[in-house]
Amino acid sequence: MMIDESPALPAPVGAGVYNVYTGAELGAAAGTVIPTAAELGLEPPRFCAGCGRRMIVQVRPTGWWAKCSRHGQVDSTDLDTRR
């Protein structure tokens with residue numbers, strides 16, 4: 001039986017070096033606290049996981065989109081298909 005592997009998440013929110021909610025480096029920030037709303041999945045990512053830069057974020061009633069100047073744009077509707 002073959003397990004279908006889903007494609008990787010886009011760079012701005014995929015597995016990277018930086019936390020998408022705080023912008024801190026994942027291994028170095030021991031005292032960084034993730035906001036409660038982010039832990040509950042109610043907050044869109046604010047920082048790019050690939051470079052740590054602050055992203056442009058637009059929240060709308062049906063979801064959100066976030067854009068990194070280096071790694072492009074990701075939309076929450078793109079992530080819904082991966083669940």
So, taking the atom named [atom1] in [X] and the one named [atom2] in [Y], what distance separates them when rounded to the nearest 0.5 Å?
X	Y	atom1	atom2	answer
Gln73	Gln58	CD	CD	10.0 Å
Asn19	Phe47	CG	CZ	9.0 Å
Thr36	Glu43	OG1	CD	11.0 Å

When you measure from the side chain of Ser76 to the backbone N and O of Trp64, does any donor-acceptor pair fall under 3.5 Å?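 Checked: pair present.
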
Atom of [X], atom of [Y] and distance for their closest heavy-atom approach:
X	Y	value
Tyr21	Pro35	CB-CD, 4.3 Å
Met55	Cys48	CG-N, 3.7 Å
Val33	Thr22	O-CG2, 3.7 Å

Taking the side chain as every heavy atom from C-beta outward, state whether Ile56 and Trp65 have any atom pair closer than 4.5 Å.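 In contact.
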
Begin from the C-alpha positions of Arg60 and Asp75 and carry the test salt bridge (Lys or Arg N to Asp or Glu O under 4.0 Å) through to its verdict. CA-CA 11 Å; Arg60 56 184 189 269; Asp75 195 297; 2.7 Å; yes

I need the single residue from Val20, Val74, Val57 that forms a side-chain contact (heavy atoms from CB on, under 4.5 Å) with Pro45. Which is it?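 It is Val20, the one option of Val20, Val74, Val57 that forms the side-chain contact (heavy atoms from CB on, under 4.5 Å) with Pro45.
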
